[in-house]
Undergrad: 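Shown below is the structure under consideration.
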Protein chains: 2
Amino acid sequence: MASSIHDLARHLNISIGTVSRALNGRADVNADTRQRVLEAAKKLNYSPNQSGRSLRQGATRSIAFMLQPHPGDQQYGEPFFIPFLTGLQARLADYDLDLMVVMGEPGQYQQERLRRVVETRRADAVVLANTRREDDRIDYLSKAGFPFATLGRSQSGGDTYPSLDIDFERAGDEAVDRLVARGHRRIAAIRPSHDLNFGYLFLDGYRKALKRHGIEGDPGLIADGFINEAGGYQVTADVMLSKDRPTAIIFNNDAMALGGCKALAEMGIRPGQDIAVTVIVDTPLCRYFSPALTAFRPALEPMGRRLAEMLLASLPAFAGPEGPRIIREVWPLELIARDSD
Amino acid sequence: MASSIHDLARHLNISIGTVSRALNGRADVNADTRQRVLEAAKKLNYSPNQSGRSLRQGATRSIAFMLQPHPGDQQYGEPFFIPFLTGLQARLADYDLDLMVVMGEPGQYQQERLRRVVETRRADAVVLANTRREDDRIDYLSKAGFPFATLGRSQSGGDTYPSLDIDFERAGDEAVDRLVARGHRRIAAIRPSHDLNFGYLFLDGYRKALKRHGIEGDPGLIADGFINEAGGYQVTADVMLSKDRPTAIIFNNDAMALGGCKALAEMGIRPGQDIAVTVIVDTPLCRYFSPALTAFRPALEPMGRRLAEMLLASLPAFAGPEGPRIIREVWPLELIARDSD
DNA sequence: TGTGTTCTCGTAAACGTTTACGGAAAAACG
DNA sequence: CGTTTTTCCGTAAACGTTTACGAGAACACA
């Protein structure tokens with residue numbers, strides 16, 4: 001069935017070395033024989049065995065994407081990642097690279113899965129998502145000298161790896177700006193715990209904007225909870241029970257916002273009328289929720305493409321003439337004004 | 001950095017053959033030397049190079065999942081697949097198998113990507129999603145003798161491969177049942193075109209139930225459109241313009257239902273009050289939409305696990321003592337009654 | 001002691017590539 | 001025509017495994 005380079009060589013009565021060189025576009029092969037080799041390859045339906053190639057070249061031509069679902073009872077996981085993955089995969093495919101997806105069990109320690117990928121050399125590089133402020137996966141990869149890139153920043157590992165992130169800080173800032181312009185002064189910020197890095201960034205922007213507007217922050221209006229609907233419900237209920245209620249809430253996660261809106265509904269508080277609600281990362285749920293939630297939307301699919309490019313630029317095998325480059329980018333979000341604020 | 005089997009052999013002053021046999025649990029190796037090999041492996045942080053293994057064994061220990069986004073302008077892709085992927089990946093990981101994800105460009109011909117995977121032997125088997133009634137991917141894989149399984153049935157390929165599907169027929173039937181019990185007689189069925197197989201299955205169930213209830217179907221109430229929001233909008237508007245309007249609509253896709261509801265809203269028709277709306281495959285969007293949409297929900301994550309098992313059972317290398325088995329399963333959906341009917 | 005069996009291990013080939021090296025033939029040059 | 005350069009190709013090693021084969025040593029048995 002599958003023909004090898006030996007089959008081609010036998011068929012053409014030349015050596016396998018020549019066949020290989022012809023196929024790989026090496027210069028030291030006669031134009032005529034190259035032609036014959038290519039024709040024979042087509043005729044015998046030859047395509048190179050990736051295992052053989054990987055072994056010889058020490059590169060698998062595949063990139064691993066590590067996706068760790070947040071702990072929780074999510075029925076459907078994070079819609080966030082499909083478009084990102086689409087972009088990532090599309091750009092990798094341009095370079096004939098495969099994408100391997102490694103998902104941990106929700107909440108399970110992912111380090112072990114990562115080690116396996118690295119140590120058995122199943123991938124040439126890794127893309128990490130869900131970066132935490134202190135991320136032992138980053139520490140591990142750095143120490144092991146294994147190439148990687150991250151979706152999201154972290155404090156681990158220094159500036160030694162490419163990373164692409166959403167500008168949560170600016171989004172938090174803008175969200176406050178918009179709410180203040182609409183007359184709000186008591187603005188709550190609700191974000192996930194779990195040491196997820198974006199929660200800190202969001203809060204930075206939130207605080208900066210408050211200060212700029214001369215509003216002194218009320219610590220009671222900042223809260224964090226489990227990054228799912230139940231967590232949002234819980235923490236929102238808590239915040240709304242404080243004696244001096246907020247008139248606006250910024251949620252740093254869509255699932256938490258949904259849970260929060262449920263809590264609000266039970267208290268008879270209507271987003272968009274009695275309270276303003278803004279969500280920092282938009283998902284389709286925000287759009288179809290009633291009232292439709294004003295949210296900040298990232299360009300996920302282009303981000304996937306971009307991170308692939310950044311990763312490749314950092315790999316010696318793919319970097320251009322200037323050699324490998326480490327790039328870090330932070331992308332803005334687009335405000336999608338809807339009905340909840 | 002990475003130690004090979006040769007390093008172990010040198011370190012222990014024995015041959016690589018013995019090392020390999022010791023690591024692989026072969027019987028013909030002294031218990032004592034095996035112990036020493038295992039200790040050395042741990043000490044030198046050895047783990048087998050997958051490329052070397054693949055080359056020798058002719059198996060890559062990775063499974064490819066082919067996901068082809070439907071054409072359309074979906075911002076976020078299909079939430080359907082994340083939980084399925086989670087289950088699939090989890091079970092494969094139990095067998096130390098990797099998951100490779102191959103996504104076509106939306107609407108792009110996927111055959112080429114598939115051929116590449118097969119011909120370069122990057123995976124040992126393939127899992128297909130979005131099966132069509134006549135599916136050339138299935139024809140190709142069958143002819144090539146390459147192992148695969150499908151999420152969704154097809155008319156192609158006969159009974160030669162494992163497949164797992166949702167019982168769209170029964171869901172269509174039950175949906176009609178429920179609506180008839182609530183007094184509806186004019187029930188529309190809106191489904192995707194594109195030759196997607198589940199659209200046919202759904203319609204079979206729909207028709208069967210109508211006949212059972214002695215309702216003669218109105219062909220004008222059956223319509224298909226593009227499988228996205230715009231398609232649902234369009235075809236729903238058409239159906240509602242017929243002189244004898246339906247009192248209920250069953251949508252065979254969540255995005256189409258959302259678009260349909262938009263059309264209804266513009267006509268001042270309220271789901272749950274003026275018309276009954278049922279969705280055949282539930283997604284989170286159905287739950288958060290307002291009114292929350294009554295929908296049939298599959299157990300996606302368990303289905304992912306199950307399909308992995310079925311695929312493995314069909315592979316000689318993994319099948320139990322009885323040898324490889326071809327299994328086909330159709331899973332029921334659970335009705336989630338909400339507010340739209 | 002001789003013969004047969006079992007246990008354990010080393011040797012070497014094989015999987016399908018790529019590539020460093022060297023050599024023969026052809027071309028270029030004087 | 002002799003020498004040098006260029007062009008082209010074959011040889012063989014290497015990547016890291018697994019495994020068929022065989023052989024030496026130990027053991028059992030008569």
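What's counted below: heavy atoms across the whole structure, side chains too, no hydrogens, waters or symmetry copies. Per chain, numbering begins at 1; letters A, B, ... match sequence-line order.
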Undergrad: Can you check the B:Arg53 CZ to D:dC15 C1' distance for me, whole Å?
TA: 16 Å

Undergrad: Just the rounded figure in Å: distance from C1' of C:dT17 to CZ of B:Arg121.
TA: 12 Å

Undergrad: May I ask you to evaluate whether B:Ser20 reaches the phosphate of D:dT18, defined as a side-chain N or O under 4.0 Å from OP1 or OP2?
TA: yes

Undergrad: Checking side chain to side chain contact (heavy atoms under 4.5 Å, CB included) between A:Ile16 and each of A:Leu8, A:Asp7, A:Ile5, which is the one that passes?
TA: A:Ile5

Undergrad: Does a distance-only test, which skips hydrogens and angles, find a donor-acceptor pair under 3.5 Å between the side chain of B:Arg56 and the base of D:dT18?
TA: yes

Undergrad: With ring centroids as reference points, do A:Tyr161 and A:Phe146 lie under 6.0 angstrom apart?
TA: no

Undergrad: Looking at B:Asn24, does any N or O in its side chain come under 4.0 Å of the phosphate oxygens OP1/OP2 on D:dT18?
TA: yes

Undergrad: Quick one: which of A:Glu309, A:Arg306, A:Met310 gives a side chain to side chain contact (heavy atoms under 4.5 Å, CB included) with A:Pro162?
TA: A:Met310

Undergrad: In whole angstrom, give the distance that lies between atom CG of B:Leu55 and atom P of D:dA14.
TA: 17 Å

Undergrad: Could you check how far CD of A:Glu119 sits from P of D:dG16, rounded to whole Å?
TA: 16 Å

Undergrad: Spell out protein contact along nucleotides 4-10 of chain C as letters: B when the base is contacted, S when just the sugar-phosphate is, - when no protein heavy atom is under 4.0 Å; keep the 5' to 3' order.
TA: ----BBB

Undergrad: Any idea how B:Phe84 and B:Phe65 line up, ring-wise: parallel (<30°), tilted (30 to 60°), or perpendicular (>60°)?
TA: tilted

Undergrad: Under 3.5 Å, is there a donor-acceptor pair linking the side chains of B:Asp124 and B:Thr60?
TA: yes

Undergrad: Under 4.0 Å, heavy atoms only, any strand: does B:Thr120 hit a base, just the sugar-phosphate, or nothing?
TA: nothing

Undergrad: Output the rounded distance in Å from CD (A:Gln50) to P (D:dT17).
TA: 18 Å

Undergrad: With a 4.0 Å cut-off on N to O distance, would you call B:Arg36 and B:Glu39 a salt bridge?
TA: no

Undergrad: Provide, to the nearest angstrom, the distance between the OH atom belonging to A:Tyr46 and the C1' atom belonging to C:dG16.
TA: 7 Å

Undergrad: Evaluate the side-chain proximity of A:Asp94 to A:Gln89: yes if any heavy-atom separation is below 4.5 Å, no if none is.
TA: no

Undergrad: How many whole angstroms separate atom CD1 of A:Ile5 from atom C1' of C:dA14?
TA: 16 Å

Undergrad: In this structure, how many angstroms lie between the P atom of D:dC15 and the NE2 atom of B:His6, rounded?
TA: 8 Å

Undergrad: When we call it a touch if two heavy atoms are under 4.0 Å apart, what does B:Ser4 touch: a base, just sugar-phosphate, or nothing?
TA: sugar-phosphate

